[in-house]
Amino acid sequence: MSTNILDASALLHALPNVLPDKKKKLESPQDALAALVHTVFTVLGFRLIGIDESGPTRTFEDNVLPEEWNQHGPGNYALRYKHEQSSLEFLVKVVKLGSRTLINSIAIETDKAATLDISTTDFTSASFFPHDLSSSAPSPLVHGFISSNRVDDFVSQLKLTTVQKLIPGLRKDGYTDQADTNAGPSRPRGPDAPPARPHPEQPPYAPEDIFPRVSPRSPLEIGRRDLDPFPSNPFSPPSLFPGNSGDGMFVGPNHPIFGPGMRGRGPGGNGPWGGDGFLPPLGAPPGARFDPIGPSPLRGPFPGQGNPRGPLGGQDPDNDELMPPGYVSDQWS
């Protein structure tokens with residue numbers, strides 16, 4: 001089994017070798033990340049041909065960066081590569097974006113792009129920089145990347161999101177393509193699979209809350225009340241269907257027009273204004289001449305006991321053809 005050429009210890013050992021001989025200083029966390037990206041590409045056989053987006057092809061011995069490689073840092077770094085297994089030219093840009101670092105890559109001739117977006121503090125320690133690797137006793141470089149595990153995590157993401165997108169199936173001893181563990185297997189939709197539909201939330205109330213369910217009626221009961229002029233006939237046979245008793249031919253409080261489907265939530269199913277009780281509060285101010293919606297729950301056996309209107313009381317419904325109390329008409333004057 002061949003050794004993993006992208007192992008964290010191997011990369012950190014190779015990183016100082018790609019920095020310029022006279023300038024082995026990493027000024028910022030972005031310097032360190034850009035140098036690590038270049039180290040990965042160097043180990044994988046990419047050949048550096050420029051440190052700008054567009055310019056003449058240059059030759060860099062052993063892929064060593066020139067001294068001006070980080071002149072636009074820490075905000076922006078540009079690296080151009082070629083590879084023997086591809087005829088394409090690759091551009092890699094490391095960009096600082098607030099507290100994040102973006103590694104944008106593209107195969108220029110095909111517009112095949114890739115992006116890696118990371119939190120800078122997840123993979124580097126800001127207090128470690130600037131760091132001079134040419135000092136007599138430099139601190140271990142791994143401390144600038146927090147730990148070896150953090151280096152492995154970064155390289156794994158770079159490999160998956162960038163290298164494998166630019167050159168799929170790259171052949172190199174000690175290198176293998178990595179499977180995307182975050183992407184689950186896609187399941188093909190069968191021919192009879194139902195279409196995807198949104199699932200709306202349950203409405204705040206069901207229709208039954210406003211219109212209660214009414215017991216089923218037998219077709220033989222239709223018109224029966226018209227044949228029985230007296231309500232609650234004690235001699236009539238009991239109905240096989242509940243809720244079909246009523247007031248016969250008389251329009252009373254129990255008539256079907258004021259039945260379960262029309263009753264509200266007041267006493268006996270009626271609201272405070274009669275009927276379904278949906279008249280809003282103060283819909284009929286006190287003393288107003290107003291016909292109730294339906295039979296009143298306060299109905300008494302004698303006239304004047306239900307729904308009193310004004311100081312003298314009244315019946316339900318009241319007589320709208322009468323003038324309002326205290327009204328003086330000058331129609332004939």
Side-chain angles (χ1 to χ4, degrees), residues 1-20 30-66 69 77-95 101-118 122-123 141-142 145 147-186:
M1 181 177 180
S2 58
T3 305
N4 179 17
I5 60 175
L6 297 182
D7 179 71
S9 59
L11 292 174
L12 294 178
H13 178 75
L15 190 151
N17 298 329
V18 300
L19 296 177
Q30 287 75 24
D31 271 12
L33 290 173
L36 182 58
V37 169
H38 177 59
T39 303
V40 171
F41 275 69
T42 300
V43 170
L44 292 178
F46 286 84
R47 178 168 53 90
L48 182 67
I49 62 173
I51 57 168
D52 50 15
E53 294 189 33
S54 60
T57 299
R58 299 170 57 183
T59 300
F60 299 90
E61 186 177 357
D62 297 328
N63 257 21
V64 175
L65 293 167
W69 73 278
Y77 307 81
L79 304 167
R80 283 190 295 128
Y81 297 97
K82 295 280 289 185
H83 198 281
E84 62 179 7
Q85 297 180 21
S86 174
S87 60
L88 305 177
E89 182 176 316
F90 306 100
L91 172 63
V92 180
K93 297 191 67 175
V94 180
V95 180
T101 300
L102 306 182
I103 296 92
N104 298 321
S105 308
I106 187 171
I108 297 176
E109 292 83 357
T110 64
D111 290 338
K112 183 190 300 182
T115 298
L116 173 59
D117 178 2
I118 63 170
D122 284 350
F123 297 95
L141 183 56
V142 66
F145 296 97
S147 68
S148 297
N149 290 336
R150 292 278 77 191
V151 175
D152 286 333
D153 291 342
F154 173 78
V155 173
S156 176
Q157 294 185 39
L158 181 68
K159 175 181 175 182
L160 182 62
T161 63
T162 302
V163 176
Q164 293 181 191
K165 295 289 183 61
L166 298 179
I167 304 184
L170 186 147
R171 299 180 303 277
K172 184 76 174 179
D173 291 340
Y175 170 85
T176 56
D177 280 346
Q178 177 179 333
D180 188 357
T181 57
N182 294 328
S186 59

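Under the 3.5 Å distance criterion, the side-chain polar atoms of His38 are matched with a main-chain donor or acceptor of Asn63. No donor-acceptor pair under 3.5 Å is formed between the side chain of Tyr77 and the backbone N or O of Trp69. Looking only at distances, a side-chain donor or acceptor of Lys159 sits under 3.5 Å from a matching main-chain atom of Thr176. Side-chain atoms of Ser156 do not come within 3.5 Å of backbone N or O of Asp152 as any donor-acceptor pair.
One finds the CG atom of Leu44 at 13.5 Å from the CZ atom of Arg171 (value rounded to the nearest 0.5 Å). Separation of atoms CD (Glu61) and CG (Leu48) is listed at 13.0 Å; rounding is to 0.5 Å.
The two atoms that bring Ala32 and Leu15 nearest to each other are O-CD1, 4.5 Å, heavy atoms only. Nearest heavy-atom pair across Pro66 and Arg58 is CB-NH2, 4.3 Å.
Checked options Arg80, Lys82, Lys112; the residue passing with Glu89 is Arg80 (criterion: salt bridge (Lys or Arg N to Asp or Glu O under 4.0 Å)).
A heavy-atom distance below 4.5 Å is not found between the side chains of Asp173 and Ile5. Residues Tyr175 and Val163 form a side-chain contact, since some pair of their non-hydrogen atoms from C-beta on lies under 4.5 Å apart.
A centroid separation of 6.0 Å or more is found between the aromatic rings of Phe154 and Phe145.
Between Phe46 and Tyr81, the angle of the ring planes goes over 60°, which puts this pair in the perpendicular group of the 30/60° scheme.
With no hydrogens or angles considered, a side-chain donor-acceptor pair links Asp7 and Ser9 at under 3.5 Å.
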